[in-house]
Amino acid sequence: MIHFSGTPPASCTLLDVTFILGSELVGSMPRQIAEGLYWLYEAGPDRVERFELDRRNPDWYDPDHEVYIPQCAYLLEGEDETLLFDTLSPACTDHVLDALSDLVGEDGLDYLVVSHPDVPHAGNAPTILDAHPGAELVAPGYGNDHELYQLGEATHVTEGDTIDLGNRVVEFHEATFLDAPVSVWMTDRRTDTLFTVDWMGFPHLGGDALRFVDETDREFDVEQFVEFHSRVLFWYQYVDVGTVQREIDALLETFDPSIVAPSHGLVIREDATDYVELMKEVPAIVDRRGRVGTLG
């Protein structure tokens with residue numbers, strides 16, 4: 001059941017990600033983050049050549065590994081209903097349909113939420129809705145060009161709107177940092193997970209696919225955040241650094257997340273607020289250096 005705070009309006013690059021941590025088999029996709037919360041992952045292309053990493057050789061890079069900036073989607077399972085947040089890209093259609101079939105079974109998907117109408121986030125929406133005709137499409141209530149993206153008939157959500165899945169409530173928020181005017185963030189109240197969409201994205205080494213950040217072999221480097229944000233949220237080069245840092249402080253005070261689940265990075269499940277705090281360094285670095293390049 002959706003609750004509105006206001007008036008409601010009308011081929012895939014898949015890595016071999018089976019791996020061992022100690023004696024525990026963790027791998028393969030999708031991966032469970034917490035009870036009823038699952039992570040769907042698409043690697044995308046190897047970025048080493050495009051980013052000239054062999055030449056630049058940043059501290060976080062290892063020449064023995066590929067480098068990926070993944071697409072991520074998240075399945076939330078309540079006692080009564082299920083919700084998918086984002087869709088992966090059309091290159092991964094068969095994979096996401098198979099993953100959904102495994103997770104929701106014959107009951108089908110109840111809600112499909114698209115954070116914003118970019119291809120890696122919403123590209124599989126029509127196919128998923130065809131496969132799950134009972135699912136309700138949920139889209140951001142912000143912006144004024146929903147018809148352009150075929151989101152006019154979706155259920156539009158804004159700050160404070162919630163969906164009760166049964167013993168699990170998700171809440172929607174205006175995106176603090178975004179790359180499209182039609183955008184929305186989400187939290188899972190049960191696990192205090194904040195879904196930051198493009199914000200807090202970062203590249204990772206190929207051997208770390210579907211690992212949580214605390215499981216990776218190397219210490220996380222703020223330059224990984226910089227590599228992504230100076231390419232994708234390139235408007236960081238034009239912002240007032242102090243204002244952005246104060247917004248991050250306000251975000252921490254508002255959400256205080258236990259888990260951060262970005263759309264283009266690995267899930268952060270330990271010391272999540274420390275990584276949000278680390279993001280305060282990013283606009284200062286981008287302001288000093290300028291844009292490093294593009295993502296494509």
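Every heavy atom of this structure was used, including side-chain atoms; hydrogens, water molecules and symmetry mates were not.
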Spell out, as yes or no, whether a donor-acceptor pair under 3.5 Å connects the side chain of Thr87 to the backbone of Gly123.
yes
So, do His173 and Phe255 sit near enough that their side-chain heavy atoms are less than 4.5 Å apart?
yes
Below 4.5 Å, heavy atoms only, C-beta onward: do Pro257 and Val260 meet side chain to side chain?
yes
Between atom CD of Gln224 and atom CD1 of Ile69, what is the distance when rounded to the nearest 0.5 Å?
10.0 Å
At what distance, to the nearest 0.5 angstrom, does CD1 of Ile163 lie from CG of Leu83?
5.0 Å
Decide, yes or no, whether a salt bridge links Arg218 with Asp62 under the criterion of side-chain N to carboxylate O below 4.0 Å.
yes
Is Gln150 atom CD crowded by more than 12 heavy atoms from other residues, nucleotides or ligands, each under 6.0 Å away?
no
Between Arg246 and Glu253, does at least one N-O distance fall below 4.0 Å, as a salt bridge requires?
no
Between Gly141 and Thr158, what is the shortest heavy-atom contact and its length?
CA-CG2, 3.6 Å
One should read off an interatomic distance between Leu266 CG and Met200 CE, to the nearest 0.5 angstrom, of 11.5 Å
State whether the side chain of Ser230 and the backbone N or O of Val226 hold a donor-acceptor pair below 3.5 Å, judged by distance alone.
yes
Is the distance between the ring centroids of His229 and Phe202 under 6.0 Å?
no
Separation between OG1 (Thr216) and CG (Leu205), nearest 0.5 Å, reads 8.5 Å
Would Glu171 and Arg189 pass as an ion pair if we require N to O under 4.0 Å?
yes
Does a side-chain heavy-atom distance below 4.5 Å link Met186 with Val157?
no
Centroid-centroid distance, Phe220 to Tyr275, less than 6.0 Å
yes
Without hydrogens or angle criteria, can the side chains of Ser263 and Asp198 be said to hold a donor-acceptor pair below 3.5 Å?
no
Leu194 versus Asp188: any side-chain heavy-atom pair under 4.5 Å?
no
How about Asp130 and Thr127: does a side-chain donor come under 3.5 Å of a side-chain acceptor?
no
Any salt bridge linking Arg269 with Glu215? Criterion: basic side-chain nitrogen under 4.0 Å from a carboxylate oxygen.
yes
May I ask you to check whether over 12 heavy atoms, not counting those of Asn57, lie within 6.0 Å of atom CG?
yes
Ile259 CD1 to Thr187 OG1 distance, which is reported to the nearest 0.5 Å:
12.0 Å
Strictly by modelled atom types, are Tyr61 and Asp54 linked by a side-chain donor-acceptor pair under 3.5 Å?
yes
Can you tell if the side chain of Tyr38 reaches within under 4.5 Å of the side chain of Leu84, non-hydrogen atoms only?
no
Closest heavy-atom pair and its distance - Leu103, Pro30
CD1-CG, 3.7 Å
Walk me through it: do Val222 and Val282 pass the test side-chain contact (heavy atoms from CB on, under 4.5 Å)?
CA-CA 7 Å; Val222 68; Val282 176; 4.1 Å; yes
For this output row, return yes or no: ring centroids of His264 and His121 closer than 6.0 angstrom.
yes
For the residue pair Pro262 and Val267, what are the closest heavy atoms and their distance?
CD-CA, 4.3 Å
Taking NZ, NE, NH1 and NH2 as the nitrogens, is one of them in Glu227 or Arg56 under 4.0 Å from a carboxylate oxygen of the other?
yes
side-chain contact (heavy atoms from CB on, under 4.5 Å) evaluation trace for Glu136 with Asp110:
CA-CA 6 Å; Glu136 183 171 348; Asp110 294 294; over 6 Å; no
Has Asp179 got a side-chain atom pairing as donor or acceptor with Leu233's backbone, closer than 3.5 angstrom?
no
Looking only at side-chain N and O atoms, does Glu77 offer a donor or acceptor that is under 3.5 Å from a partner on Thr82?
no
Ring center gap for Phe195 and Phe85 short of 6.0 angstrom:
yes
Any donor-acceptor pair under 3.5 Å linking the side chain of Trp185 with the backbone of Thr196?
yes
Quick test of your reading of the model: are Arg168 and Glu81 salt-bridged, counting only N-O distances below 4.0 Å?
no
Sub-4.5 Å side-chain heavy-atom contact between Trp199 and Phe225:
no
Arg190/Glu35 under salt bridge (Lys or Arg N to Asp or Glu O under 4.0 Å): CA gap, chis, key distance, verdict:
CA-CA 9 Å; Arg190 184 171 178 179; Glu35 184 178 358; 3.3 Å; yes
Arg31 (side chain) donor-acceptor with Leu210 (main chain) under 3.5 angstrom
yes
Would you confirm whether Gln245, through its side chain, and Lys280, through its main-chain N or O, come within 3.5 Å as a donor-acceptor pair?
yes
In plain terms, say whether Asp208 and Arg211 are close enough for a salt bridge, that is, a side-chain N and a carboxylate O under 4.0 Å apart.
yes
Leu40 vs Val96, side-chain contact (heavy atoms from CB on, under 4.5 Å): CA-CA, chis, key distance, verdict:
CA-CA 8 Å; Leu40 285 68; Val96 73; 3.7 Å; yes
Taken to the nearest 0.5 Å, the spacing of Tyr41 OH from Tyr74 OH works out to 11.0 Å
Just by distance, do the side chain of His156 and the backbone of Ala139 share a donor-acceptor pair under 3.5 Å?
no
Does atom CG of Asp59 have more than 12 heavy-atom neighbours, drawn from other residues, nucleotides or ligands, at distances under 6.0 Å?
no
For a 4.5 angstrom cut-off between non-hydrogen side-chain atoms, does Glu277 reach Leu252?
yes
Between the side chains of Ser89 and Glu42, does any donor sit under 3.5 Å from an acceptor?
yes
For the pair His146 (side chain) and Tyr142 (backbone), establish whether a donor and an acceptor sit closer than 3.5 Å, ignoring hydrogens and angles.
yes
Heavy-atom check, side chain of His132 versus side chain of Leu100, under 4.5 Å:
yes
Are the side chain of Asp221 and the backbone of Glu223 linked by a donor-acceptor contact shorter than 3.5 Å?
yes
Say whether, by atom type as modelled, one donor and one acceptor occur between the side chain of Arg231 and the main chain of Thr294 under 3.5 angstrom.
yes
